[in-house]
S.K.: 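Supplied in structure tokens, the structure appears directly below.
Since the model is a prediction, treat every value here as computed from it, not as a measurement. Atom set for the values below is all heavy atoms of this structure, side chains included, hydrogens, waters and symmetry mates excluded.
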Amino acid sequence: MREIKFRGYAVEKMVNSQWLVGFGVSELKFAEHYAKEVGRDSDWWIYTYSGDYRVDPKSIGQYTGLKDKNGKEIYEGDILQLRNIENKPYHMEVLWTGQGYGYKIIRNDTKSSGYIVGHLSERGLNFYNQTAEVIGNIYEKPSLLEV
């Protein structure tokens, strides 16, 4: 059974890293009058062993249970770099498909992209995690996905 963890980018300034890893996330919806006052409908929170922190909802990603070739944990929203048979790099975006973890392949050299999805199996992330390297994420480095 894989470990259930979430990652999110803290809204408040943190001492070490803005990225927080916790065991759960939740959305706190505001009453209509308060939402108008603060200019947003809700806040998202990540629960960690050292406290609860407000995070940007676009940054939240769940741990896939897999690690890249360097032992770094792979989260939803990460960008992986692999090399094709000609040793040219290409990128994959890790995503949740509703049926399982999959990935969106971004081929920068051919200016094309496509989806291949599957559970943690030969067609899913498990097939690539031993050769892939996490090089960023869609929140901080979306330019890595430009085709």
S.K.: Is there side-chain contact between His91 and Leu80, with at least one heavy-atom pair below 4.5 Å?
M.R.: no
S.K.: Is Lys88 close to Arg83 at the side-chain level, that is, under 4.5 Å between some pair of heavy atoms?
M.R.: no
S.K.: Show, in sequence, the C-alpha distance, side-chain angles and deciding distance for Met92 and Leu82, and conclude whether the side chain to side chain contact (heavy atoms under 4.5 Å, CB included) test is met.
M.R.: CA-CA 8 Å; Met92 292 181 167; Leu82 292 98; 3.6 Å; yes
S.K.: Is the side chain of Asn70 donor-acceptor paired with the backbone N or O of Lys72 at a distance under 3.5 Å, no angle test?
M.R.: no
S.K.: Is there a donor-acceptor contact under 3.5 Å linking the side chains of Glu32 and Tyr34?
M.R.: no
S.K.: As an exercise, state the distance from CG of Leu20 to OG1 of Thr48, rounded to the nearest 0.5 Å.
M.R.: 6.5 Å
S.K.: Judged by modelled atom types alone, do Glu27 and Trp45 share a side-chain donor-acceptor pair under 3.5 Å?
M.R.: no
S.K.: What's the verdict on ring-ring contact (aromatic ring centres under 6.0 Å, His included) for Phe23 and Tyr49, showing C-alpha distance, side-chain angles and the deciding distance?
M.R.: CA-CA 8 Å; Phe23 52 85; Tyr49 292 108; 4.9 Å; yes
S.K.: With rounding to the nearest 0.5 angstrom, report the CZ to CD distance, Arg7 to Gln62.
M.R.: 11.5 Å
S.K.: Using 0.5 Å steps for rounding, measure from the CD1 atom of Ile135 to the CG atom of Asp68.
M.R.: 10.5 Å
S.K.: Apply the test side chain to side chain contact (heavy atoms under 4.5 Å, CB included) to residues Met14 and Trp19: give CA-CA distance (whole Å), side-chain angles for both, the deciding distance (0.1 Å), then the verdict.
M.R.: CA-CA 9 Å; Met14 304 302 288; Trp19 286 103; over 6 Å; no
S.K.: Where does the angle between the aromatic ring planes of Tyr139 and Tyr9 fall among parallel (under 30°), tilted (30 to 60°) and perpendicular (over 60°)?
M.R.: tilted
S.K.: Drop me the distance from Arg40's CZ to Lys29's NZ, to the nearest 0.5 angstrom.
M.R.: 13.5 Å
S.K.: Under 4.5 Å between side-chain heavy atoms, counting indirect links through other Ile/Leu/Val/Met/Phe/Trp/Tyr residues: same cluster for Val21 and Ile46 or not?
M.R.: no
S.K.: Do you know the tightest heavy-atom contact between Trp44 and Pro57?
M.R.: CD1-CB, 3.3 Å
S.K.: Do the non-hydrogen side-chain atoms of Tyr75 and Val94 ever get within less than 4.5 Å of each other?
M.R.: no
S.K.: How long is the gap from CD on Glu133 to NZ on Lys69, to the nearest 0.5 Å?
M.R.: 5.0 Å
S.K.: Examine Tyr47 together with Tyr53 and report whether their ring centres are nearer than 6.0 Å.
M.R.: no
S.K.: Identify whether Val11 and Ile138 are in the same connected component of the hydrophobic contact network (ILVMFWY, side-chain heavy atoms under 4.5 Å).
M.R.: no
S.K.: Nearest 0.5 angstrom please: Asp56 CG to Gln18 CD, how far?
M.R.: 11.0 Å
S.K.: Would a 4.5 Å heavy-atom cut-off, applied to side chains only, mark Val134 and Ile79 as touching?
M.R.: no
